[in-house]
There are 2 protein chains.
Amino acid sequence: MTLRNKELSKNQKIVLDYIQKCKKPVKAYSILSNVNKKGLKAPPQVYRALDKLIEIGEVHKIESQNSYIACNSTCTSPQGTIFSICKSCDKTDEISDAKLFKFLSEVKDMNGLSLSGYNLELFGTCSNCKD
Amino acid sequence: MTLRNKELSKNQKIVLDYIQKCKKPVKAYSILSNVNKKGLKAPPQVYRALDKLIEIGEVHKIESQNSYIACNSTCTSPQGTIFSICKSCDKTDEISDAKLFKFLSEVKDMNGLSLSGYNLELFGTCSNCKD
DNA sequence: ATTATTATGTTATAATATAACGCTATACTC
DNA sequence: GAGTATAGCGTTATATTATAACATAATAAT
């Protein structure tokens with residue numbers, strides 16, 4: 001158990017444990033059915049846990065897929081996420097390309113917006129599917 | 001009527017006309033209730049029109065809000081969109097910051113992904129809400 | 001210890017989106 | 001212009017995603 005999830009509640013730990021086991025993004029109702037045996041019976045229990053986990057940055061939501069993925073080790077900030085998503089196999093990785101991260105972070109006054117966060121989803125074909 | 005929507009079907013025109021009238025992103029069911037008087041009675045009629053309009057680049061989906069917005073005149077490609085979204089008032093604008101656009105377009109092999117599209121959503125506080 | 005905060009369990013329902021079916025219109029092509 | 005392929009239409013039903021609301025329990029803060 002990491003330092004970060006010491007403070008998590010029982011349901012939050014159950015949900016996070018499950019998401020971390022998954023390589024791919026997972027859907028909320030898939031989480032629900034997979035943690036059913038651990039006592040979570042209804043959607044709000046999962047969604048509440050997700051809300052908290054997202055808030056503290058342990059989990060990110062892939063907006064274009066309504067799915068959830070554990071934060072990877074290289075993620076430096078829950079406010080800015082970058083994902084590469086294979087349209088063919090759904091392989092999804094969190095990216096922390098330093099140049100890209102830096103570039104976006106330096107955008108201070110984009111269109112009059114005082115920036116507090118961003119989400120970038122990159123779509124394409126992964127190396128496995130390219131062949 | 002623009003050149004582009006000459007080829008659109010009746011329902012597609014109705015939906016596009018409505019979205020273009022709106023300044024803010026609109027929800028699918030809000031579109032439905034607003035075009036009801038024009039003969040669209042059920043969700044599939046709206047969603048089909050949206051699918052087509054998104055495909056041809058006349059409309060973009062704001063993934064984080066499940067809402068839809070007309071493409072603005074500066075949009076150069078339906079495959080890459082950038083939005084600034086005010087978390088306070090939901091004011092949303094499509095951005096075509098040249099530097100940002102160029103930077104993202106030049107990302108050719110991000111994490112092994114052969115890039116075909118991207119969606120960037122920037123969150124923050126707009127100039128109106130800042131005060 | 002009492003108060004504030006956070007989490008829990010539960011039922012119900014809201015909001016978003018698609019499947020499936022039969023039919024019609026349009027465009028393509030030979 | 002008959003045949004056929006493609007796209008669109010209208011409709012009913014249903015799937016998927018997410019939240020409201022309420023009563024209770026656990027935890028933390030002073």
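Just so we're on the same page: letters track the sequence lines, and every chain starts at 1.
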Considering only side-chain heavy atoms of A28(A), which listed nucleotide, dA17(C), dA18(D), dA7(C), is closest? dA18(D)
Taking OP1 and OP2 of dA7(C), is either one under 4.0 Å from a side-chain nitrogen or oxygen of N11(A)? no
Contact nearer the 5' end of DNA chain D, comparing N66(B) with A49(B): A49(B)
Name the residue from I85(A), I69(A), N66(A) that meets the side-chain contact (heavy atoms from CB on, under 4.5 Å) definition with P25(A). I69(A)
Hey, is the side chain of S9(A) poking within less than 4.0 Å of OP1 or OP2 on dT8(C), counting only N and O atoms? yes
Less than 4.5 Å apart, side chain to side chain, heavy atoms only: is that true for L120(B) and I95(B)? no
Would a 4.5 Å heavy-atom cut-off, applied to side chains only, mark V15(A) and L40(A) as touching? yes
When the distance from NZ of K52(A) to P of dT5(C) is rounded to whole Å, what number comes out? 13 Å
Any side-chain N or O of K27(B) under 4.0 Å from OP1/OP2 of dA15(C)? no
Could you tell me how the ring of Y47(A) sits relative to the ring of Y68(A): parallel (under 30°), tilted (30 to 60°) or perpendicular (over 60°)? perpendicular
So, with a heavy-atom separation below 4.0 Å from DNA chain C, the residues of residues 38-48 of chain A are K41(A), A42(A), P44(A), Q45(A), R48(A)
Give a yes/no answer on whether the side chain of K10(B) brings an N or O atom under 4.0 Å of OP1 or OP2 in dG10(D). yes
Is there a donor-acceptor pair under 3.5 Å between the side chain of E121(B) and the backbone N or O of E63(B)? yes
Any sub-3.5 Å donor-acceptor pair from K24(A)'s side-chain atoms to C89(A)'s backbone N or O? yes
In whole angstroms, how far is the P atom of dT16(C) from the CD1 atom of I62(B)? 14 Å
Nearest whole angstrom, please: distance from the C1' of dA25(C) to the CD of E7(B). 16 Å
Can you tell me the distance, in whole Å, between the OH atom of Y68(A) and the P atom of dT16(D)? 15 Å
Over how many whole Å does the gap from I14(B) atom CD1 to dG8(D) atom P extend? 14 Å
Would you kindly give the NZ-to-C1' distance between K13(A) and dT6(C), to the nearest whole Å? 14 Å
Quick one: is dA18(D) close enough that its OP1 or OP2 comes under 4.0 Å of any side-chain N or O from K61(A)? yes
Heavy-atom neighbours of K41(A) NZ exceed 12 at 6.0 Å: yes
Do Y29(A) and the base of dT16(D) stack face to face, with centres under 5.5 Å apart and an angle between planes under 30°? no
Take atom CD of Q65(A) and atom C1' of dT16(D), then tell me their distance rounded to the nearest Å. 15 Å
Measure the distance from CD on Q12(B) to P on dA25(C) and round it to the nearest whole Å. 16 Å
